[in-house]
Amino acid sequence: MTTPARPRRRDAPHAPDTPVALPEHRASLWLLTAGPTVWALHFLASYVTAAVWCAKAGTAAASLGGARTALWLYTAVALVAIVLFGWRGLRGHRRGNAALPHDDDTPGDRHRFLGFATLLLCGLSFVAVVYVTMAVAVIGTCR
């Protein structure tokens with residue numbers, strides 16, 4: 001089994017045979033789904049934690065108490081993770097010095113487009129986590 005040949009740099013006069021990895025070789029589409037995945041996990045963990053807490057409490061007027069602390073912790077972790085993934089997307093979007101829009105059929109523009117899409121999805125996921133957390137902030141009991 002042979003490995004595929006990597007593209008050679010043609011713009012470097014001092015080392016024409018230096019292999020260069022294209023941006024797509026180091027990144028994948030998984031980063032694009034990272035923000036929404038963190039939001040979905042936060043949503044699931046928040047509502048399962050509240051449901052289990054309230055089921056064990058047995059009454060509708062029971063306070064969320066310790067579960068509320070866990071929910072705030074879930075939110076902090078999720079927001080930090082989403083910001084980090086968004087930062088990585090922003091770095092991918094700003095890669096190189098190409099002009100907007102990134103719609104050319106080149107590996108660099110595809111990489112910049114994926115970075116921009118990742119940034120936008122992370123922004124949407126950030127807002128979604130804030131909306132899920134609003135329920136924790138407003139509702140203090142199991143009603």
Side-chain angles (χ1 to χ4, degrees), residues 1-12 15 17-143:
M1 182 168 166
T2 62
T3 58
R6 292 179 16 179
R8 304 280 179 188
R9 285 187 79 161
R10 294 188 180 138
D11 60 335
D17 293 334
T18 306
V20 172
L22 295 175
E24 288 87 5
H25 289 242
R26 288 177 279 166
S28 69
L29 291 176
W30 290 110
L31 183 61
L32 187 66
T33 64
T37 300
V38 170
W39 164 73
L41 291 174
H42 173 265
F43 184 86
L44 182 67
S46 296
Y47 280 91
V48 167
T49 300
V52 169
W53 182 271
C54 291
K56 287 186 177 187
T59 64
S63 172
L64 287 175
R68 200 170 186 162
T69 304
L71 297 174
W72 285 114
L73 180 66
Y74 296 163
T75 300
V77 169
L79 291 177
V80 167
I82 289 171
V83 165
L84 290 175
F85 287 127
W87 179 257
R88 188 159 174 206
L90 180 64
R91 283 182 34 216
H93 173 61
R94 290 184 173 173
R95 181 183 175 97
N97 55 1
L100 290 172
H102 304 302
D103 58 355
D104 290 336
D105 188 24
T106 64
D109 272 359
R110 284 191 296 271
H111 184 74
R112 285 185 281 279
F113 174 77
L114 287 175
F116 187 61
T118 299
L119 177 65
L120 291 178
L121 281 172
C122 284
L124 180 65
S125 299
F126 190 93
V127 171
V129 167
V130 169
Y131 272 97
V132 169
T133 306
M134 286 174 55
V136 175
V138 173
I139 301 171
T141 63
C142 290
R143 285 186 219 174

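Here the structure is a predicted model, which means the values were calculated and not measured. What's counted below: heavy atoms across the whole structure, side chains too, no hydrogens, waters or symmetry copies.
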If you compare all heavy atoms of [X] against all heavy atoms of [Y], which two are closest, and at what distance to 0.1 Å?
X: Leu71; Y: His42; value: O-NE2, 4.5 Å
X: Gly35; Y: Cys122; value: CA-SG, 4.0 Å
X: Ala78; Y: Val38; value: O-CG1, 3.6 Å
X: Leu31; Y: Arg88; value: CD2-CG, 3.8 Å

Can you give me every donor-acceptor pair (side chain of residues 48-55, partner residue at least two apart or in another chain, under 3.5 Å) with its distance?
residue	atom	partner	partner atom	Å
Thr49	OG1	Ala45	O	2.7
Thr49	OG1	Tyr74	OH	3.0
Trp53	NE1	Ser63	O	2.9
Trp53	NE1	Leu64	O	3.1

(message) Please enumerate all residues that pass side-chain hydrogen bond (donor to acceptor under 3.5 Å, both in side chains) together with Thr133, with sequence neighbours excluded.
(response)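 side-chain hydrogen bond (donor to acceptor under 3.5 Å, both in side chains) check on Thr133 returns Thr75.
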(request) Give, for atom CG of Leu114 and atom CG of Leu119, the distance between the pair rounded to the nearest 0.5 Å. (result)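 Interatomic distance, Leu114 CG to Leu119 CG, rounded to 0.5 Å: 12.5 Å.
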(request) Look up atom CZ in Arg68 and atom CD1 in Ile139, then write down how far apart they are to the nearest 0.5 Å. (result)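 So the gap between those two atoms works out to 9.5 Å.
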(request) Report the residues that fulfil ring pair (Phe, Tyr, Trp, His ring centres under 6.0 Å) with Phe43, sequence neighbours left out, ordered by chain and then residue number. (result)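 Here the qualifying residues are Trp39, Tyr47.
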